[in-house]
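I have placed the structure first, in the form of structure tokens, so that the comments after it can refer back to it.
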Amino acid sequence: MQIQYYPFDFSTNANKNRRESEQEYFMRIAREFEAARALQKREETKQKIKAAFTAALNLLKFKRTQNLEALLGR
């Protein structure tokens, strides 16, 4: 879910050439930092899930056969 942040002054959207204020700058930096941290947490969680799944599959130790005939013993 993406959160939409609105500036304190909605009229600033009309004037794209206006420089952002110091408060707007720090709020933007804080939002970007939080978004990067959330993305990093998601990536770490994804890596942990992949590692657990790989470990579980390695415990089963399947052997690959060359074809169906070899599998059925024909």
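As the structure is a prediction and not an experimental result, all values here were calculated from the model.
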key: Residues that Glu22 engages under salt bridge (charged side-chain N to carboxylate O under 4.0 Å, His left out), provided they are two or more places apart   = none
task = Return the set of residues passing salt bridge (charged side-chain N to carboxylate O under 4.0 Å, His left out) with Arg42 (not counting sequence neighbours), or none when no residue passes.
result =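 Expected list: none.
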At what distance, to the nearest 0.5 angstrom, does [atom1] of [X] lie from [atom2] of [Y]?
X     : Y     : atom1 : atom2 : result
Leu39 : Glu32 : CG    : CD    : 13.0 Å
Lys50 : Thr45 : NZ    : OG1   : 12.5 Å
Gln40 : Glu44 : CD    : CD    : 5.0 Å
Thr54 : Leu59 : OG1   : CG    : 11.0 Å

request  = List the steps, then state whether salt bridge (Lys or Arg N to Asp or Glu O under 4.0 Å) holds for Glu34 with Arg31.
outcome  = CA-CA 5 Å; Glu34 286 297 321; Arg31 285 192 304 270; over 6 Å; no
request  = State plainly whether the residues Glu43 and Lys46 are in salt-bridge range, i.e. N to O under 4.0 Å.
outcome  =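 Looking at Lys46 together with Glu43, the answer is yes, because their closest N to O distance falls below 4.0 Å.
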